[in-house]
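Nothing fancy with the numbering, it's 1 onward along the sequence.
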Amino acid sequence: MKKSFLISSALAILMILTSCAQKSENRNDDNPKKALEVRGVKAEISVQVEKEWRKYYEDAIERVLKDNPKSKINIIEVDSFDHLDIIDKVDSSNLGIADLFAFPTDRLYSLYERHLLADIDSKAIAEKIGGWDDFDGGIGGSFKIKNRYFAFPYNIETMIIYINKNNAENAGIDLNNIEICDMDPGQILIPIYDSWYGTALTNASDIKLMERVGDKFKSDMESPWIELSQEKRDGMTAIYDYWRDNFKENPSIFDPQMGFEYMDSELSNGKKGILLIAMPYEDIFEKSADKVEIFPLNQLKISGKPLLHWKGGWGLGINSRIQEDEAKIALAHDLISEIVSPEYAVELFKSSGKILENADPAIYEKSDLNEIDKKIISTTIKSYKNSAELPVYKEWLNVWKAWEDGILAWNLSQPDSPEEAYEEMRASFESVLEKINK
């Protein structure tokens with residue numbers, strides 16, 4: 001199992017050091033650029049590509065350049081999160097930022113407000129490649145601001161459940177009725193200190209970690225324990241109990257440096273681990289048909305409530321510095337069309353683990369993918385449909401750190417009760433909300 005936080009490439013760092021840093025505000029919300037018919041365009045753009053994606057992108061680029069032989073598309077090989085780290089430090093003119101790059105939905109507003117994104121004629125691309133019945137009703141609508149689209153849907157993602165069938169059978173576990181609170185320590189593996197995973201538990205109990213009220217923000221986590229509804233108290237109690245019981249057995253599960261590797265190991269045959277919630281693209285224990293079962297997330301319950309994750313996903317954004325160059329914009333639009341074309345959905349999954357919203361599930365089912373990958377895809381699609389809408393306003397980014405700080409504080413203080421643990425979490429959220437509500 002792994003997370004996509006890799007070391008930045010030397011090339012990207014060199015670009016930061018050698019490029020200029022002047023403010024770019026080329027985006028004009030009142031004059032969106034439209035997708036052009038791309039044939040014979042002469043332009044040069046760059047695209048951010050992770051190492052594993054490279055062959056797939058090279059093939060897509062080759063298809064684009066067949067119609068545009070005088071154009072050039074340069075690859076900047078760098079992990080997506082490392083690329084976003086670069087973006088956080090510089091502006092759109094910096095050569096360390098690609099002209100076309102991938103980013104998760106929850107980063108949209110922070111990029112938009114820094115004038116880093118060009119608007120995209122998403123409806124034209126969607127019509128060209130097909131696959132949507134309701135573009136705005138899906139992830140496409142998540143990238144829409146003031147009637148403009150500032151990214152094009154790349155992939156959908158949400159949590160699913162991986163189960164080691166051998167370990168479950170040996171422990172006599174009924175896989176059709178799994179309740180976190182009823183399982184022994186070490187049997188269910190959830191890195192709850194990581195808020196991306198922890199919110200699957202809080203959502204189940206309708207705990208609102210942050211919501212917008214007018215021009216201010218509030219959180220259930222600001223409320224005194226006694227003022228929380230019974231449902232929310234039950235949810236926080238179950239989270240605390242999970243932490244307490246598992247921390248006693250092996251604190252490594254709550255160690256940000258070791259947690260994921262520990263859980264990977266524990267899900268192996270003959271170990272205690274039975275169930276792990278993870279993203280569909282993550283590397284976990286050997287995924288052979290006789291060892292693994294895959295369920296939608298809502299098959300796991302906490303305090304009697306099905307787990308509920310987000311409708312997550314990624315988009316492809318265009319750097320605002322090329323907004324005024326129609327040839328470059330046209331070339332970028334055409335490359336997007338090739339990257340997310342349903343025609344190449346299987347190849348995209350093989351290279352990146354990305355699942356297209358606009359691909360008919362039958363495309364995957366009829367492919368040469370192995371049975372486990374097919375089940376991962378079908379289960380992800382099912383889980384995605386049952387998931388909650390992901391908050392995309394930039395203030396929500398503070399939630400991830402507030403939650404992690406709260407859980408990791410338990411590792412040090414080792415609270416004796418759910419209420420005591422909650423007060424530490426409450427302090428973490430109060431500090432964040434005080435800053436953003438100033």
Side-chain angles (χ1 to χ4, degrees), residues 1-4 6 49-60 79-80 102 131 153-170 173 175-176 178 188-190 197 260-261 263-271 273-300 309 312-314 338-387:
M1 183 178 180
K2 66 181 180 180
K3 296 184 69 180
S4 298
L6 307 178
V49 175
E50 295 196 10
K51 182 179 180 179
E52 293 78 8
W53 309 351
R54 190 174 187 110
K55 177 61 167 61
Y56 179 81
Y57 271 67
E58 287 174 341
D59 291 344
D79 177 78
S80 298
Y154 196 1
N155 68 295
I156 58 170
E157 58 186 32
T158 194
M159 296 287 181
I160 56 177
I161 301 173
Y162 292 90
I163 295 175
N164 186 311
K165 293 193 295 186
N166 293 342
N167 291 355
E169 183 177 339
N170 291 338
I173 300 298
L175 297 179
N176 295 309
I178 314 171
I188 293 184
L189 303 165
I190 309 173
Y197 298 79
F260 286 93
E261 289 77 6
M263 286 181 281
D264 237 7
S265 172
E266 285 301 295
L267 207 65
S268 301
N269 275 342
K271 294 291 187 72
I274 293 173
L275 178 154
L276 177 144
I277 67 168
M279 300 301 287
Y281 51 78
E282 289 177 319
D283 294 332
I284 61 165
F285 74 107
E286 184 182 353
K287 290 184 282 193
S288 57
D290 62 328
K291 292 181 181 178
V292 64
E293 182 61 84
I294 301 167
F295 286 165
L297 187 65
N298 61 5
Q299 195 147 334
L300 176 62
H309 200 239
W314 287 64
E338 289 297 327
I339 293 170
V340 297
S341 170
E343 184 177 353
Y344 306 103
V346 174
E347 286 75 15
L348 176 62
F349 180 83
K350 287 178 179 178
S351 71
S352 66
K354 293 188 179 297
I355 301 167
L356 294 178
E357 182 182 40
N358 59 318
D360 187 332
I363 291 176
Y364 298 110
E365 192 58 37
K366 295 175 182 178
S367 73
D368 61 352
L369 292 169
N370 63 51
E371 292 307 308
I372 293 298
D373 281 340
K374 289 179 181 180
K375 195 158 192 176
I376 287 172
I377 293 168
S378 63
T379 304
T380 299
I381 293 171
K382 184 175 181 179
S383 275
Y384 183 84
K385 290 178 179 177
N386 292 327
S387 297

Among all residues two or more places apart in sequence or in another chain, which pass the side chain to side chain contact (heavy atoms under 4.5 Å, CB included) test with N358?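 Only I129, W132, P342, L356 meet the side chain to side chain contact (heavy atoms under 4.5 Å, CB included) criterion with N358.
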
So do I163 and F295 actually touch side chain to side chain, heavy atoms under 4.5 Å?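 They are in contact (side-chain heavy atoms under 4.5 Å apart), so the answer is yes.
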
Under a 4.5 Å cut-off applied to non-hydrogen side-chain atoms, are E357 and Y384 in contact?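 The answer is yes, as the side chains (C-beta and beyond) meet within the 4.5 Å cut-off.
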
Answer yes or no on whether K350 is positioned over the face of Y56, meaning its NZ or CZ is under 6.0 Å from the six-membered ring centre and within 45° of the axis.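 No - K350 does not lie over the ring of Y56 by the 6.0 Å and 45° rule.
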
Calculate, to the nearest 0.5 Å, the distance between atoms [atom1] and [atom2] belonging to [X] and [Y] respectively.
X	Y	atom1	atom2	answer
D360	E365	CG	CD	10.5 Å
N164	E169	CG	CD	10.5 Å
L348	D59	CG	CG	12.0 Å
L267	L189	CG	CG	6.0 Å
I294	I372	CD1	CD1	5.0 Å
W314	I156	CH2	CD1	15.0 Å

Hey, which of Y154, Y281, F349 is the one that makes side-chain contact (heavy atoms from CB on, under 4.5 Å) with K354?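 It is Y154; the other options fail the test.
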
Is it the case that [X] and [Y] place a side-chain donor and acceptor less than 3.5 Å from each other?
X	Y	result
S351	K55	no
S383	T158	no
E52	S352	no

Between the main-chain N or O of [Y] and the side-chain N or O of [X], is there a donor-acceptor pair closer than 3.5 Å?
X	Y	result
E157	P280	no
T379	I376	no
K374	S367	yes
N166	N269	no
Q299	L175	yes
N167	G273	yes

The criterion is ring-ring contact (aromatic ring centres under 6.0 Å, His included); which residues satisfy it with Y57, sequence neighbours excluded?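 Only W53 meet the ring-ring contact (aromatic ring centres under 6.0 Å, His included) criterion with Y57.
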
Please test Y344 against E338 for side-chain contact (heavy atoms from CB on, under 4.5 Å), starting from the C-alpha separation and ending with a verdict. CA-CA 8 Å; Y344 306 103; E338 289 297 327; 3.7 Å; yes

In sequence, state the C-alpha distance, the side-chain angles, and the governing distance for L276 and I161, and then conclude on side-chain contact (heavy atoms from CB on, under 4.5 Å). CA-CA 6 Å; L276 177 144; I161 301 173; over 6 Å; no

Just checking F260 against Y197, ring centres under 6.0 Å apart?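 They qualify: ring centres under 6.0 Å apart.
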
Under the side-chain contact (heavy atoms from CB on, under 4.5 Å) rule, what do I188 and L300 come out as? Steps first, then yes or no, please. CA-CA 10 Å; I188 293 184; L300 176 62; 3.9 Å; yes

Contacts of type side-chain hydrogen bond (donor to acceptor under 3.5 Å, both in side chains), residue E58, not counting sequence neighbours: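 Per chain and number, E58 pairs via side-chain hydrogen bond (donor to acceptor under 3.5 Å, both in side chains) with R54.
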
Looking at every non-hydrogen atom in both residues, tell me the closest pair between E347 and E343 and how far apart they are.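 In this case the closest contact between E347 and E343 is OE1-O, 4.1 Å.
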
Let's go through D368 and V346 carefully: what are the C-alpha distance in whole Å and the side-chain angles of both, what is the deciding distance for side-chain contact (heavy atoms from CB on, under 4.5 Å) to 0.1 Å, and is it a yes or a no? CA-CA 9 Å; D368 61 352; V346 174; 4.2 Å; yes

